[in-house]
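Here the structure comes first, spelled out in structure tokens, and everything after it is commentary.
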Amino acid sequence: MLKTKKKRRNVIFILTDDHRYDYMGFTGKVPWLETPNMDKLASEGAYFSNAFVTTSLCSPSRASILTGQFSHNHTIVDNQAPDPGNLTYFPQYLQKAGYQTGFFGKWHMGDHGDEPQPGFSHWESFPGQGVYYNPTLNINGERVAYKDSTYITDLLTDHALEWLDNRDKKKPFFLYLSHKAVHAAFKPARRHKGRYKGKQIALPSTYDQTKTGKYRDLKWPQWVADQRVSWHGVDYMYHENRDIHEMVVDYCETLLGVDESIGSVMEWLKQEGLDESTLVIYMGDNGFSWGEHGLIDKRHFYEESVKVPLLVRCPDIFEGGVKPKAMVQNIDIGPTVLAEAGVQKPEHMPGVSFIPILSGEKESSRKEVFYEYFWEYDFPMTPTVFGMRTDKYKYMKFQGIWDRNELYDLENDPDEMYNLIADPDKQEIVKEMSTAIYDWLEATDGMQIPLKRTIKYRYGDYKHPNEY
């Protein structure tokens, strides 16, 4: 039975798509990228530099956010897997506690529908990935088409703020603003198109090794080298003949619309006098590779794929400008929001609130994060992987493929260049981490791979076109 306390804080959760953890102006990763509103959110709040997802893929990550569970528990293991019908989303608990709840944007969790989902008193969404321009929104069951170059990021933001304007001011609110941006194919708002034309990024240190053959000496798995010329490799990005720098520019220009959305939300809070008391959380659903290990996109357990931006602001709770090093995960979002609503966390949620870390009440008790990704029919290039990461080491254990596993010393090798899996003095570490992964899976009922029906052409498999 859920217990409700007196405290019921307003919460705004902004989720973006494929935004990697360090592509924000204040991190300095991309010197020419400007994100003033994200920078301000970080300086007035907190930036978790060690925020991770449990599965680096849209639907599984979104399901983990909403259910507070691992992929092997909610079983939405890929972008096609259906909702099993037995899931409870944390906004449902908020509704029971008297909250007004609004969802705006990309759902894409378990199916491609746009129908209203449990937990939200107001609903606006679209099927699947949606489109950047001239979208059709399902607004509480009625579909409305928008034209005249309507841009999705702006539309969702405007509608979210309109809903807040018309809310019942006697009740607390939870706003879930779920942007399509910055998912491929990247399309910036017209006002931002060309802002960074001709700009380039510094290619990562692990960009060329699968081209030169050096990856063999570094003991990288063969599947990583093979993927270089796949849908998710730098030499065949999304099967397009494009320059990586041009694609990064499109990505960064598309991100500018999200940054302005944050600014609009924060300005609204200030005008309403709610900017001190409202908990604002900004997060990405998964990271994104831009050339690391010769890869683009996500799914794998390398840092840039599994790490996400996590910005948190609430002056009532903590002073701004903090940068906790604690490891947090997407399964912590639900417990965090519920705690601030005065609602007891359900027992089936393994995550914890990260607010005590920010308020200084206690340090994080999490010493490691676990990861899982299940092989997808559409993208057979990336194998199933189970992983574990501590502050010191990262271990990746692959399933169903004849290849080597990976172990990296993150303190001395943050770029994950040197695979230590075969080093004699690291064998006990490998055994301990492998044992810990199995212990985690057994303790969370994860010793099976959920299998889903998939009967269609594999559109990401360029080696076998038009084959089932």
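Computed from heavy atoms alone, side chains included, the values below leave out hydrogens, waters and symmetry copies.
Between F354 and F48, a ring centre-to-centre spacing shorter than 6.0 Å is recorded. Aromatic ring centres of Y23 and Y251 lie closer together than 6.0 Å. Between W440 and F386, the ring center distance fails the sub-6.0 Å criterion. Outside the 6.0 Å centre-distance limit, the rings of F174 and F103 are not counted as a close aromatic pair. If you look at Y302 and H293, their ring centroids are closer than 6.0 Å. A distance below 6.0 Å separates the ring centres of F398 and W223.
For the residue pair S64 and H74, a side-chain donor N or O sits within less than 3.5 Å of a side-chain acceptor on the partner. Neither side chain, Q399 nor Y373, offers a donor N or O lying under 3.5 Å from an acceptor on the other. Between the side chains of H300 and S289, a donor-acceptor pair is found at a separation under 3.5 Å. Under the 3.5 Å distance criterion, with hydrogens and angles disregarded, no donor-acceptor pair is assigned to the side chains of W231 and D378. For the residue pair K187 and T254, no side-chain donor N or O sits within less than 3.5 Å of a side-chain acceptor on the partner. Residues S264 and T157 bring no donor and acceptor atom of their side chains to less than 3.5 Å of each other. Checking N138 against E142 by side-chain atom types alone, no donor-acceptor pair falls below 3.5 Å.
No donor-acceptor pair under 3.5 Å is formed between the side chain of S364 and the backbone N or O of A326.
Partners of K323 by salt bridge (charged side-chain N to carboxylate O under 4.0 Å, His left out), not counting sequence neighbours: none found. Residues satisfying the salt bridge (charged side-chain N to carboxylate O under 4.0 Å, His left out) criterion with E416, sequence neighbours excluded, are K394. For D316, the salt bridge (charged side-chain N to carboxylate O under 4.0 Å, His left out) test picks out R9, with sequence neighbours left out.
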**Message:** Go through it in stages, so that I can follow the logic: the residues are Y47 and F26, the test is ring pair (Phe, Tyr, Trp, His ring centres under 6.0 Å), and I'd like the CA-CA distance, side-chain angles, deciding distance and then a yes or no.
**Reply:** CA-CA 10 Å; Y47 168 52; F26 69 89; 5.0 Å; yes
**Request:** Kindly determine whether Y238 and M247 satisfy side chain to side chain contact (heavy atoms under 4.5 Å, CB included), including the steps that lead there.
**Result:** CA-CA 11 Å; Y238 301 135; M247 196 173 281; 4.1 Å; yes
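Of the listed residues (E292, E303, E304), just one forms a salt bridge (charged side-chain N to carboxylate O under 4.0 Å, His left out) with R20, and that residue is E292.
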